[in-house]
Amino acid sequence: MRTFGTALAVLSVAALVAAEIYFEEGFKDDSWQKTWVQSEHKGVEYGKFEQTAGKFFNDAEADKGLQTSQDARFYALSTKFKPFSNKDDNLVIQFSVKHEQNIDCGGGYLKVFDCSVDQKDLHGDTPYLVMFGPDICGPGTKKVHVIFSYKGKNHLINKDIRCKDDVYTHFYTLIVKADNSYEVLIDNEKVESGSLEDDWDFLPPKKIKDPEAKKPEEWDDRATIADPDDTKPEDWDKPEHIPDPDATKPDDWDDEMDGEWEPPMIDNPEYKGEWKPKQIDNPSYKGVWVHPEIDNPEYTEDKDLYLREEVCGVGLDLWQVKAGTIFDNFLITNDIEAANKAAASFKETQEGEKKIKEAQEAEERKKAEDEAKAAEDAKDDEDLDDEDDEDSHAGQATEIDEEEGHDEL
């Protein structure tokens with residue numbers, strides 16, 4: 001009966017957690033301009049965001065998002081919503097990123113804030129709760145950041161999660177659960193998961209090496225030793241280099257001027273190197289000594305690593321060398337299934353983008369070919385004109401020669 005009662009209690013608690021959409025933004029009209037705030041942090045020239053679906057898209061209206069528009073700029077734009085806590089619940093953060101400019105160096109991540117964030121003064125050192133999303137800079141950095149603030153310090157994930165680096169739209173999803181587990185998805189496919197405690201350095205290690213323990217002096221951890229019965233052969237020691245026996249003193253060598261002639265040195269073919277006795281199994285070998293561990297007195301379990309007591313805002317605070325990234329489909333919720341359904345559109349979106357992009361590239365190739373052909377035809381016409389001019393000059397010269405000949409007669 002206790003088991004049955006416990007099960008009912010768990011089900012009752014679960015039933016109380018209703019599906020919630022805390023924040024959703026698709027930038028389908030101009031209303032975002034009233035709710036998103038541009039930072040005015042002193043000393044920074046911020047780039048502007050423009051609402052657009054970009055150069056290639058699946059749906060010109062539905063695919064509109066915010067695009068970075070100026071190269072080599074910082075960007076800082078944020079919005080707030082009704083505060084919530086994810087206590088005993090999921091926290092799902094999802095958005096889409098489209099690097100249609102084929103980004104070479106720049107951020108594509110978002111930041112989640114509590115209500116204390118000063119939107120007008122948002123900058124790189126502004127405290128945040130979560131930083132999540134892709135970051136690309138050259139061939140060496142193509143990663144998905146998952147950074148949590150814990151007790152005033154930002155903690156990076158200990159794993160390397162590779163982001164997408166093509167020019168199409170991709171959905172990035174972070175799921176944090178109340179059991180201190182997490183998942184990272186790209187286009188609805190799980191690319192990483194695990195434990196918050198294991199994959200971030202929030203807490204000191206549970207175990208540490210016993211500071212009182214020391215390896216016994218008589219402990220022999222050498223697997224092999226030199227054979228005490230092995231001796232060096234009498235003919236072993238040979239010089240590494242010897243005079244070249246085939247060398248002869250040059251005929252023009254002057255001992256008084258050049259000094260005493262010595263043949264050049266060459267490698268000695270009989271040289272065997274430094275002699276070392278052969279190795280044998282160590283009869284006293286006890287194996288590798290393992291330092292005993294003890295419970296770390298500084299470790300305290302925290303079952304609320306997942307918890308963010310006050311989630312209140314989201315923003316784009318990043319730098320881009322080459323602008324053109326489109327951010328869209330922001331979603332913050334506790335409903336994993338709702339996020340999954342929202343991201344399911346990625347296939348259709350990507351297919352539409354590829355179709356238009358390929359058509360644009362084909363048109364550009366044809367235009368380039370037509371221009372090249374037109375330039376070639378123009379050159380051919382110019383060459384023909386030059387030949388006609390040469391023939392005309394040659395004819396005139398012949399006529400002049402003939403006239404001079406008649407005059408002489």
Check the surroundings of atom NZ in Lys190: do more than 12 heavy atoms from other residues, nucleotides or ligands lie under 6.0 Å from it? no
Say whether Asp220 and Asn282, considering side chains only, have a donor N or O and an acceptor N or O under 3.5 Å apart. yes
Test Tyr75 against every option in Tyr109, Phe49, Phe327 by the ring pair (Phe, Tyr, Trp, His ring centres under 6.0 Å) rule and name the one that passes. Phe49
Distance-only, no hydrogens or angles: does the Asp317 side chain make a donor-acceptor pair with backbone N or O of Lys111 under 3.5 Å? no
Result for side chain to side chain contact (heavy atoms under 4.5 Å, CB included) between Leu122 and one of Thr126, Asp118, Asp125 points to Thr126
Test side chain to side chain donor-acceptor pair (under 3.5 Å) applied to Asp221 and Trp219, step by step: CA-CA 6 Å; Asp221 56 7; Trp219 189 281; 5.2 Å; no
Count the heavy atoms of every other residue, nucleotide or ligand shown that sit under 6.0 Å from CG of Asp281, and state whether that count exceeds 12. no
Is there a donor-acceptor contact under 3.5 Å linking the side chains of Trp36 and Glu25? yes
If you apply the rule side chain to side chain donor-acceptor pair (under 3.5 Å), what do you find for Ser193 with Glu183, and how did you get there? CA-CA 4 Å; Ser193 63; Glu183 294 180 6; 5.8 Å; no
Verify, without hydrogens or angle tests, whether Gln101 (side chain) and Lys322 (backbone) share a donor-acceptor contact under 3.5 angstrom. yes
Could you tell me whether a side-chain N or O of Glu310 sits under 3.5 Å from a main-chain N or O of Cys115, the two making a donor and an acceptor? yes
Nearest-0.5 Å distance, CG of residue Asn329 to NZ of residue Lys98: 11.5 Å
For Phe346 and Phe171, I'd like to know if the aromatic rings sit close, meaning centre-to-centre distance below 6.0 Å. no
Within the supplied structure, the quantity of interest is the number of heavy atoms (other residues, nucleotides, ligands) at a distance under 6.0 Å from Glu361 CD; does it exceed 12? yes
Do His155 and Phe148 make the cut of ring centroids closer than 6.0 angstrom? no
Just by distance, no angles: are the side chains of His170 and Asp187 close enough, under 3.5 Å, to form a donor-acceptor pair? yes
Quick check, are the ring centers of Trp200 and Tyr182 under 6.0 angstrom apart? yes
Search all heavy atoms of Tyr128 against all heavy atoms of Asn154 and return the closest pair with its distance. OH-ND2, 3.4 Å
If you measure only the distance, is there a donor-acceptor pair under 3.5 Å linking the side chains of Asp29 and Ser31? yes
Validation: residues 52-61 side-chain donor-acceptor distances under 3.5 Å, sequence neighbours left out:
{"unit_1": "Thr52", "atom_1": "OG1", "unit_2": "Gly54", "atom_2": "N", "d": "2.9"}
{"unit_1": "Asp59", "atom_1": "OD1", "unit_2": "Glu61", "atom_2": "N", "d": "2.9"}
{"unit_1": "Asp59", "atom_1": "OD1", "unit_2": "Ala62", "atom_2": "N", "d": "2.9"}
{"unit_1": "Glu61", "atom_1": "OE1", "unit_2": "Lys64", "atom_2": "NZ", "d": "3.2"}

Keeping Trp32 on the side-chain end and Gln51 on the backbone end, is there a donor-acceptor pair under 3.5 Å? no
Taking only residues two or more places apart in sequence, or in another chain, which ones meet Asp304 in a side chain to side chain contact (heavy atoms under 4.5 Å, CB included)? Asp302, Tyr306, Leu307
